[in-house]
**Student:** 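Provided herewith is a single structure, encoded as structure tokens, for subsequent inquiry.
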Amino acid sequence: MADYILAKHISKHLNEEITLKGWIYNIRKSGKIWFLIFRDGTEFIQCVVLKNEVAEKVFDLKSTLTQESSISVTGIVQEAPRQDIGYELLVKDIEVIHIAEEYPIALKDHGVDFLMDKRHLWLRSKAPFAIMKIRAEIEQACRDFFNERDFTLVDSPMFTPNASEGSTTLFETKYFDRKAYLTQSGQLYSEAAVMALNRTYCFGPCFRAEKSKTRRHLTEFWMVEPEMAFFDIYDDMDLAEEFVSYLVQRALKNCRRELEILGRDISKLESVKTPFPRITYDEAVEILKKKGYDFEWGGDFGAPHEEAIAEDFEKPVMIWRWPAVLKAFYMKRDPEDERYVLGVDMIAPEGHGEIIGGSQREEDINTLLERIEKEKLPKEDFEWFLDIRRYGSVPHSGFGLGFERTIGWICGTHHIRECIPWPRTMARLKP
RNA sequence: UCCGGAGUGGCUCAACGGUAGAGCGGGUGGCUGUUAACCACUAGGUUGUAGGUUCGAAUCCUAUCUCCGGAGCCA
């Protein structure tokens, strides 16, 4: 058993003498009293050092300790109503492990570029700490959600042999004497997997070489992609809203402290329960027209359009039944009107953009072949994918949830690069 | 790729044609309840780079680099 406790468990040790091991977040000095804000990666604790409670050499540490120095601190746990967590430590002894050099990150404003250059240190600060905790909790929630619903995890490969979907730009890499591409989605593999395992999901990084420089884009981001045999578009939307609601409620249940640290308006998350509003593309266009946008049927929604549509709803809104011209070849045509496909996007509130893209898939091989030919995709590369339609084809559906965008919405961060430990953007490959 | 914005001490910014300043961080001193503590003193900058205009350029012009925001594309 370790001879120290984790700071997050401090409340279980009221009036006991305990030892904590960690780092100094901040020091506030006075004459015969000083305060050190201690952190150990599980919680932030104020420690009080009183001149007549400690040895002189311990008291004098106030002039040698620096921000981010590592220490072992022993003291008595006391109630402290003015502290966020309600407790503080009355220090009895401090053992110095390492005196940190002058720390570059002050507890003041810094620019994004500076902080990202120092990402390896910035992670120690309060907001990144809270976001990483929430990210880990939501990732676990994703896995729990699907495990509880008879889904099997079937992860897809990162290396892919061809530029299948065509539309987005892929990262190309050497693969021995051939070329390979980094995956942009696991969906096509999942479509094969559900014919083997009925309901599956994959959860991993995706790569897009788009030259996007906005607060909603990364070149490497994570996506959760469930795929379900025998699901139609309605089942797909039912699952999507249940899933998103589950994630938000899970954050509210298990990440209160972290959301508080981030100053998130919790009331906005509390209302995120099923059912979510569903509108068709045509209805969305009507909303835009009523708001004075000059928008033609058949166009795709840009970020300002998405925001204009989403601002009417306090929950995420699903837009479905899209013009076929806008969507990928594998989406199923609406049987009632060939101009539409049974695709759905989910737009998060508060300007966080599209968090889900999904659809019912085209299960008829001839229709699929038509679209492959029409979009001039390399048919030979899709032979394995067409096999899914040759051997016991069934209706099936799925969607992909952009993980960082979802975290960004739950945490209320301005830019999704804060929602991944080591962000990769067009301009950033380090650290 | 296109359209905007910004590059000034370690950091965040000010000065917008006339002697480069402040706050934070660092150093020194003071303070027994601080909450990004406070108070006093102190060190620290050839203003992204290369040209040009001018008696004089951080400031105006040209080129270039970097970053930021957005568009397109997307999660």
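Residue numbering restarts at 1 for every chain, and letters A, B, ... go by the order of the sequence lines.
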**Student:** Could you tell me the Watson-Crick or G-U partner of B:G56, where both distances fall under 3.5 Å? Say none if there is no partner.
**Tutor:**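 Partner of B:G56: none found under 3.5 Å.
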**Student:** Under 3.5 Å, is there a donor-acceptor pair between the A:Thr19 and A:Thr74 side chains?
**Tutor:**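 Distance-only check passes for A:Thr19 and A:Thr74.
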**Student:** In terms of side-chain geometry, is the basic nitrogen of A:Glu375 or A:Arg371 positioned less than 4.0 Å from the acidic oxygen of its partner?
**Tutor:**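 Salt bridge present between A:Glu375 and A:Arg371.
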**Student:** Does the side chain of A:Trp297 pick up a donor-acceptor pair with the side chain of A:Asp282 at under 3.5 Å?
**Tutor:**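 A pair is found: one side chain offers a donor N or O, the other an acceptor, under 3.5 Å apart.
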**Student:** Distance check needed: B:C74 P versus A:Leu170 CG, whole Å only.
**Tutor:** 13 Å
**Student:** Base, sugar-phosphate alone, or nothing: which one does A:Pro304 contact when heavy atoms must sit under 4.0 Å apart?
**Tutor:**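 Sugar-phosphate only.
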**Student:** Pick the closest RNA chain B nucleotide for A:Leu326 and for A:Val48 by heavy atoms, then say which residue is nearer the 5' end.
**Tutor:**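 This one resolves to A:Val48.
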**Student:** Going by distance alone, is a donor N or O of one side chain under 3.5 Å from an acceptor N or O of the other, for A:Glu102 and A:Thr66?
**Tutor:**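 A:Thr66 and A:Glu102 do not have a side-chain donor-acceptor pair below 3.5 Å.
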**Student:** Looking only at the side chains, is there a donor atom on one of A:Arg361 and A:Ser359 sitting less than 3.5 Å from an acceptor on the other?
**Tutor:**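 A pair is found: one side chain offers a donor N or O, the other an acceptor, under 3.5 Å apart.
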**Student:** Taking A:Asp334 as the fixed residue, which of A:Lys327, A:Arg321, A:Arg339 is the one that meets the salt bridge (charged side-chain N to carboxylate O under 4.0 Å, His left out) rule?
**Tutor:** A:Arg321
**Student:** Measure from the ring centre of A:Phe35 to the centre of the six-membered ring in the base of B:G33, then say whether that distance is under 5.5 Å and the planes meet at under 30°.
**Tutor:** no
**Student:** If you look at every strand shown and take non-hydrogen atoms under 4.0 Å, does A:His415 touch a base, only sugar-phosphate, or nothing?
**Tutor:** sugar-phosphate
**Student:** Side chains of A:Lys126 and A:Tyr25, heavy atoms from C-beta outward: is any pair under 4.5 Å?
**Tutor:**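 When only atoms from C-beta onward are counted, A:Tyr25 and A:Lys126 do touch, with a gap below 4.5 Å.
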**Student:** Name every residue in residues 82-92 of chain A that has at least one heavy atom under 4.0 Å from any atom of RNA chain B, in order of residue number, or write none if there are no such residues.
**Tutor:**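 Contacting residues: A:Arg82, A:Gln83, A:Glu88.
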**Student:** Closer to the 5' end of RNA chain B via nearest nucleotide, is it A:Tyr103 or A:Arg28?
**Tutor:** A:Tyr103
**Student:** Going by purine N1 to pyrimidine N3 plus the second Watson-Crick contact, or the G-U wobble pair, all under 3.5 Å, which nucleotide sits opposite B:G51?
**Tutor:** B:C61
**Student:** Under a 3.5 Å cut-off for both distances, is B:U1 Watson-Crick or wobble paired, and to whom?
**Tutor:** B:A71
**Student:** Using heavy atoms and a sub-4.0 Å distance, could you list which residues of residues 49-67 of chain A are near RNA chain B? By number, please.
**Tutor:**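 Heavy-atom cutoff 4.0 Å gives A:Leu50, A:Asn52.
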